[in-house]
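Heads up: the structure comes next, in structure tokens.
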Amino acid sequence: MSESLLADASQRLENALKYVKISEDAIERLKYPKASISVSIPVRLDNGSLRIFQGYRVRYDDTRGPTKGGVRYHPNVCMDEVQSLAFWMTFKCAALNLPFGGGKGGITLNPKELSRMELERLSRGYIDAIADFIGPDVDILAPDVYTNAMIMGWMMDQYSILQRKLCPAVVTGKPITIGGSVGRDTATALGAFFVMEAMLPKFDRRPQETTVAVQGFGNAGAMLAELLWQAGYKVVAVSDSKGGIYAPQGLDIPSIRHYKEASRSIQAVYCKDTVCNIVEHTVITNEELLELDVDVLVPAALENQITSANADRIRARYIFEVANGPITSAADRVLEAKGVYVFPDILVNAGGVTVSYFEWVQNRSGLYWTLDEVNQRLKQKMLDAAEPIWAIARDQGMPVRTAAYVYALERLEEAIRTKGTRDYYLNGH
Ligand code: GLU
């Protein structure tokens, strides 16, 4: 892509502006991240050599509270990507009415190339480098692509060592034994599932008659595929970074998850106890999966999957964005013209940061909730955002994405206005 990701992301802001009355100064402010840092992290590898990694952390906007967002380990991580992801977090937290602004971080690497101890040294080194930029009331970290609870545990521990006191609330998505919340690992998938279950009946869609393709079989994609399968949806295609499988009669998702766990690869299998047999299927690429003739498409991998190059070939009627930014703004326009309903990332995948918020609350109060409490509150939060966003889209005839931005922007604008003029209008007023 020639255009910057952040420029594309802020295009969504422009679309929403047609519908919200908001001061131009506030909008101008929201187009730029508040603070971004880039750090180099020296890591001693197991073979004794030294390698320097590039890391980033962005605090996009903190009007509504400390900035909040994950840390991504991926070869494509760069400042532009991290800033866009932090921009999305700002709107996601506002849409869900969490008392947070938006942040994001990342390190450029292929984590599969590092040993576990190298990864630990790198994660601790990252915290050493950004410690003055983060904190439980400043900027709170969490997992994202290719980072997990184990890494969050190291990060929290390193920050606590530097502060000389236990600081569990600086990182969410931690292992449960050291302050993690029950239900955080399944939260993104479950949140998306609640949104789908609330939205699809509005189009008279019943699970048994609905086919679904899921791109991405990481934490969120695999879990959501299973929840949909359990609820009776026909999940006909899934994929991971290496490619996918398609079976029009539907796939047995628990078997595929079980097999993937053991073999690290996706296979169309049906397992009885420990015996797995291959079932009839077609091997497809990730691109082919997106263009399948299905009712519902769930991009749950990385950004920029549906662009102006393939948008006109998308056949699904409903898209639920579980990944951040899988559709470009140019592709949005093509899909809109085709009558495709796109339920946006800042709503659909917000379950993760919502339970991160619950984890932060639990860390600060010292009182830990049950799984039922977490999931019930998650459901409430997701519906409290999904229903009004849907009502704006329906009543004012705008795409659901624009409605989500309008809804979040109104809340952000109110916070900016209520906070006073110091930051935004310092000169001349
Ligand atoms: N990385 C996730 C996201 O993009 C979760 C962020 C968090 O829990 O703070 O929403």
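Note that the structure is predicted; figures quoted are calculated from it, not measured. In each ligand, atom 1 is the first atom listed, and ligand 1 is the first ligand listed. Hydrogens, waters and symmetry mates play no part in the numbers below; they use all other heavy atoms, side chains included.
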Report the C-alpha separation of Phe203 and Trp390 in whole Å, then their side-chain angles, then the decisive distance to 0.1 Å, and conclude whether the ring pair (Phe, Tyr, Trp, His ring centres under 6.0 Å) test is met.
CA-CA 12 Å; Phe203 304 91; Trp390 168 247; 5.4 Å; yes
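- Not counting sequence neighbours, the partners of Phe100 by the ring pair (Phe, Tyr, Trp, His ring centres under 6.0 Å) test are Tyr357, Trp360.
- Within the structure, the salt bridge (Lys or Arg N to Asp or Glu O under 4.0 Å) test picks out the following pairs touching residues 357-382 (sequence neighbours left out): Asp137-Arg364, Lys174-Glu359.
- Salt bridge Glu291/Arg315: absent, no basic N to carboxylate O contact under 4.0 Å.
- The cationic group of Arg401 does not satisfy the cation-pi geometry with Tyr405, failing either the under 6.0 Å distance to the six-membered ring centre or the 45° limit from the ring axis.
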Put together the list of close N/O pairs, under 3.5 Å, between ligand 1 and the protein, could you?
residue: ligand 1; atom: 1 (N); partner: Pro143; partner atom: O; Å: 2.9
residue: ligand 1; atom: 1 (N); partner: Asp144; partner atom: OD1; Å: 2.7
residue: ligand 1; atom: 4 (O); partner: Lys92; partner atom: NZ; Å: 3.2
residue: ligand 1; atom: 4 (O); partner: Lys104; partner atom: NZ; Å: 3.0
residue: ligand 1; atom: 4 (O); partner: Asn324; partner atom: ND2; Å: 3.0
residue: ligand 1; atom: 8 (O); partner: Arg184; partner atom: NH2; Å: 3.0
residue: ligand 1; atom: 8 (O); partner: Ser356; partner atom: OG; Å: 2.5
residue: ligand 1; atom: 9 (O); partner: Lys68; partner atom: NZ; Å: 2.8
residue: ligand 1; atom: 10 (O); partner: Lys92; partner atom: NZ; Å: 2.7

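- For Ser356, the side-chain hydrogen bond (donor to acceptor under 3.5 Å, both in side chains) test picks out Thr172, Arg184, with sequence neighbours left out.
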